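Beneath this line is the structure, given in structure tokens, with notes to follow.
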Amino acid sequence: MKKEDMNIVIVGHVDHGKSTLMGRLLADTDSLPEGKLEQVKETCRRNSKPFEYAFLLDALKDEQAQGITIDTARCFFKTEKRDYIILDAPGHIEFLKNMITGASRAEAALLMIDAKEGVQENSRRHAYMLSMLGIRQIAVVINKMDLVDYDQSVYERVKTEYLEFLKKINITPKFVLPVSSFMGENIVKKSDKMPWYDGMCVLEVLDEFECEQPHEDQPFRMPVQDVYKFTRNGDDRRIVAGTIETGTIRPGQEVVFYPSGKRSHIKNIEVFHADPIEVGRPGMAIGFTMVEQIYITRGELMSIAGEKAPQTSSRIAANIFWLGKKNLTPGKTYFLKIGSEKVKMEVEKVKGVINSSNLDANEEQTSVGKNEVAECILRTDKPIAFDLVEDIAGTSRFVIVDDYEIAGGGIITAALEDDEQELREGTMLRNYKWEMSEISVEDRMEHYAQRPNLIVLTGPDGTGKKKLAKLLERELMNCGRYVYYMGMGSYLYGVGADTKKADVQNHKEQIRRFAEVANLMLDAGMILIVTATGLTQSDYKIMKTVMQREFEVVWVGNEVTTDISADMHLADKDYEKSIYKIKNMLKDTGTIFKA
């Protein structure tokens with residue numbers, strides 16, 4: 001019978017003995033390759049270096065190419081009860097990145113503290129991260145007891161100080177134990193050097209941890225990783241692929257994708273190089289074929305109709321642990337990655353900053369510095385789907401990217417109302433009622449040899465954007481593209497004739513209806529070119545909410561006079577050069593295949 005598997009993470013301040021403990025566990029549980037311990041000891045002897053169990057990790061890393069199952073993030077050992085994977089966290093960044101993105105999910109943690117040095121800043125910071133990440137099975141390992149002569153009073157002092165801190169962040173360790181990793185005391189068997197301690201050794205503590213129950217009883221969640229279309233040998237399957245986070249799924253069930261609200265039914269559950277299966281379970285990397293062919297993209301969150309739905313919003317409240325070189329600052333654009341989605345994000349407000357090592361709070365601080373924890377309101381450039389941390393932890397976790405590096409991470413604590421909430425609910429109802437054509441998006445793309453797209457030319461009056469739009473339309477048609485130009489006036493005196501009154505509400509309705517018209521034309525497979533004067537970022541967000549797809553914005557004119565984030569800025573009236581630049585942009589986005 002296959003033994004249980006468990007992922008554990010060992011965290012602690014630098015030089016508090018993480019690597020030594022890991023080396024001891026590998027050696028004393030006979031998890032090392034045959035002869036490796038003797039080889040490392042002999043190498044130390046020849047080089048006149050004292051042997052340390054931490055050297056075992058470095059020696060094994062050098063042998064990765066030979067198939068040894070260890071790397072910089074994980075190593076493996078076994079007991080009679082379980083097979084363990086230890087997730088080593090060499091630094092804050094690696095720990096957050098692995099834990100939040102799901103590359104490795106710890107079910108339990110060992111918090112290491114040097115008995116001689118006592119509780120340090122990182123001892124507190126790592127504990128805070130464990131708290132934020134929802135890891136509740138924790139043992140505090142007070143190490144290097146040999147350096148304090150196995151003194152019980154030292155152990156009790158460190159234990160009391162640390163437990164007082166952990167209580168403030170709502171962590172109650174299941175175990176606290178004194179050890180000497182270097183001497184092997186209280187690691188795999190009880191130590192006789194500390195008769196005053198009558199608890200378990202490290203190995204027994206690990207076996208006392210409970211494996212996480214499968215997430216099958218929770219609502220179904222699967223971030224869409226990609227959508228694959230097959231064409232060879234008459235294979236016309238369109239497969240939605242991803243890894244199941246929680247819940248189970250079977251053929252025939254109706255599924256909903258968020259934030260779009262689009263629906264379909266499961267036809268088959270596909271696995272790689274095997275026959276279709278009857279049930280998908282948490283942790284499985286699988287694909288689905290659909291009965292109704294709908295257009296969805298990477299980043300949507302798949303759920304089952306009738307089960308509790310995820311939250312959707314472009315404004316969220318979150319707890320953030322910041323590790324970036326530069327402060328997290330309102331007004332700056334970052335990227336937020338949650339599940340398989342990646343969106344632009346700004347900090348709307350820093351509600352309060354907490355120093356993670358002493359828990360001092362500062363409600364006046366307006367930015368978040370390195371190693372600080374903050375409550376923030378974040379605003380994304382389009383709606384995202386997620387769960388709250390108390391509902392489904394995995395789909396509430398995110399990381400923040402700054403200058404191409406993961407600079408922080410956190411958990412979502414609340415979905416906040418945004419300007420597009422009512423609009424988004426209407427769009428979801430539209431998608432639910434949408435009459436599907438039997439011609440798929442891929443069929444139209446193949447037929448027209450293009451990807452449907454909207455190109456919005458905006459800017460002040462008198463910049464030549466209408467002439468540029470019509471010349472671009474002609475050029476694309478001459479190249480065989482299925483293309484149409486629509487000026488805003490054509491729309492305003494037709495579909496939008498009853499909204500010409502100049503006020504805010506009418507303007508929003510004009511933009512909404514225009515986006516609905518554009519959505520229909522793109523659904524037909526067309527490249528649509530539009531001109532509009534002075535579009536704003538608010539207009540852009542309304543269009544994106546309605547259309548639920550990316551589109552291109554080109555600002556025409558010398559000076560950008562609104563807050564819109566344009567994909568291209570054309571400052572002169574050299575139409576031939578401008579058309580060449582736009583065609584290259586369309587090639588880069590996969591709209592057309594040659595410029």
Side-chain angles (χ1 to χ4, degrees), residues 223-242 255 257 260-273 276 286-300 302 340-341 430-431 434-456 469 472-486 515-530 543-544 546-554 567 579-580 582-595:
V224 174
Q225 189 69 31
D226 217 333
V227 181
Y228 299 97
K229 179 71 165 65
F230 296 86
T231 57
R232 297 181 65 182
N233 303 321
D235 187 352
D236 61 352
R237 289 175 302 161
R238 186 168 181 264
I239 294 181
V240 178
V255 292
F257 296 87
S260 71
K262 293 181 180 180
R263 295 175 177 242
S264 187
H265 289 80
I266 299 297
K267 185 176 181 181
N268 285 316
I269 304 175
E270 307 277 349
V271 292
F272 191 64
H273 279 326
I286 56 179
F288 303 94
T289 56
M290 302 291 177
V291 176
E292 301 88 0
Q293 296 302 311
I294 56 176
Y295 179 75
I296 56 170
T297 58
R298 172 185 170 92
E300 295 222 50
M302 183 176 173
S340 55
E341 181 65 286
R430 177 204 70 191
N431 290 339
W434 193 275
E435 290 289 339
M436 297 296 302
S437 168
E438 292 185 0
I439 302 171
S440 70
V441 173
E442 287 82 5
D443 291 338
R444 295 184 195 275
M445 288 171 63
E446 185 176 345
H447 180 76
Y448 296 123
Q450 65 185 42
R451 181 176 67 83
N453 202 354
L454 169 66
I455 303 112
V456 179
L472 177 63
E473 178 192 31
R474 171 67 65 180
E475 172 67 17
L476 290 175
M477 190 187 75
N478 288 342
C479 294
R481 304 282 73 82
Y482 180 35
V483 60
Y484 185 75
Y485 163 69
M486 181 172 68
E516 290 284 10
V517 172
N519 189 55
L520 286 168
M521 298 176 83
L522 267 60
D523 194 58
M526 187 178 292
I527 295 174
L528 177 63
I529 305 168
V530 169
M543 293 172 66
K544 205 163 187 179
V546 172
M547 296 170 60
Q548 297 179 335
R549 63 177 91 207
E550 302 293 330
F551 57 92
E552 319 307 327
V553 177
V554 178
D567 300 289
I579 288 171
Y580 176 78
I582 294 173
K583 286 178 67 180
N584 272 313
M585 178 180 69
L586 297 179
K587 181 182 176 184
D588 291 342
T589 59
T591 303
I592 59 178
F593 307 119
K594 61 180 181 179

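None of these values were measured; they are calculated from a predicted model.
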Self-check item: From CE (Met526) to CG (Leu454), nearest 0.5 Å
Solution: 12.0 Å
Quiz prompt | Thr591 and Gln450: side chain donor to acceptor below 3.5 Å | solution = no
Quiz item: Quick check: are there more than 12 heavy atoms from other residues, nucleotides or ligands sitting under 6.0 Å from CZ of Arg474?
Solution: no
Quiz item: How long is the span from the CZ atom in Arg481 to the CD1 atom in Ile529, to the nearest 0.5 Å?
Solution: 12.5 Å
Quiz item: Any side-chain heavy atom of Val546 sitting closer than 4.5 Å to one from Arg430?
Solution: yes
Quiz prompt | Gln548 CD to Leu522 CG distance, which is reported to the nearest 0.5 Å | solution = 13.0 Å
Practice problem: Over all heavy atoms of both residues, which pair between Gly242 and Gln225 is shortest? Give the atoms and the distance, please. | Solution: CA-CB, 3.9 Å
Practice problem: Output all residues satisfying side chain to side chain contact (heavy atoms under 4.5 Å, CB included) with Met290, sequence neighbours left out; order by chain, then residue number. | Solution: Val240, Val255, Phe257, Ser264, Ile266, Phe288, Gln293, Met302
Quiz item: Does a donor on one side chain and an acceptor on the other come within less than 3.5 Å for Ser340 and Arg298?
Solution: no
Quiz item: Would you say Asp443's side chain and Ile439's backbone share a donor-acceptor pair under 3.5 angstrom?
Solution: no
Practice problem: Over all heavy atoms of both residues, which pair between Met445 and Pro452 is shortest? Give the atoms and the distance, please. | Solution: CG-CD, 3.7 Å
Quiz item: Closest approach of Ala241 and Tyr228, non-hydrogen atoms and distance?
Solution: CB-CE1, 3.6 Å
Quiz prompt | Side-chain touch Asp567/Phe551, heavy atoms, less than 4.5 angstrom | solution = no
Quiz item: Do Leu476 and Leu586 come within less than 4.5 Å of each other through their side chains, counting heavy atoms only?
Solution: yes
Quiz item: Can you find a heavy atom in the side chain of Val517 that is under 4.5 Å from one in the side chain of Met486?
Solution: yes
Quiz item: Does a side-chain heavy-atom distance below 4.5 Å link Leu528 with Asn453?
Solution: no
Quiz item: Taking the side chain from Glu552 and the backbone from Ile455, do they hold a donor-acceptor pair closer than 3.5 Å?
Solution: no
Quiz item: Are side-chain heavy atoms of Glu300 and Pro223 found at a separation under 4.5 Å?
Solution: no
Self-check item: Interatomic distance, Glu270 atom CD to Ile239 atom CD1 [nearest 0.5 angstrom]
Solution: 4.5 Å
Quiz prompt | Glu550/Lys544 ion pair, N-O < 4.0 Å | solution = yes
Quiz item: What distance separates Lys262 NZ from Glu292 CD, expressed to the nearest 0.5 Å?
Solution: 13.5 Å
Quiz item: Do you know which two heavy atoms are closest between Ser437 and Arg444, and how far apart they sit?
Solution: OG-NH2, 3.4 Å
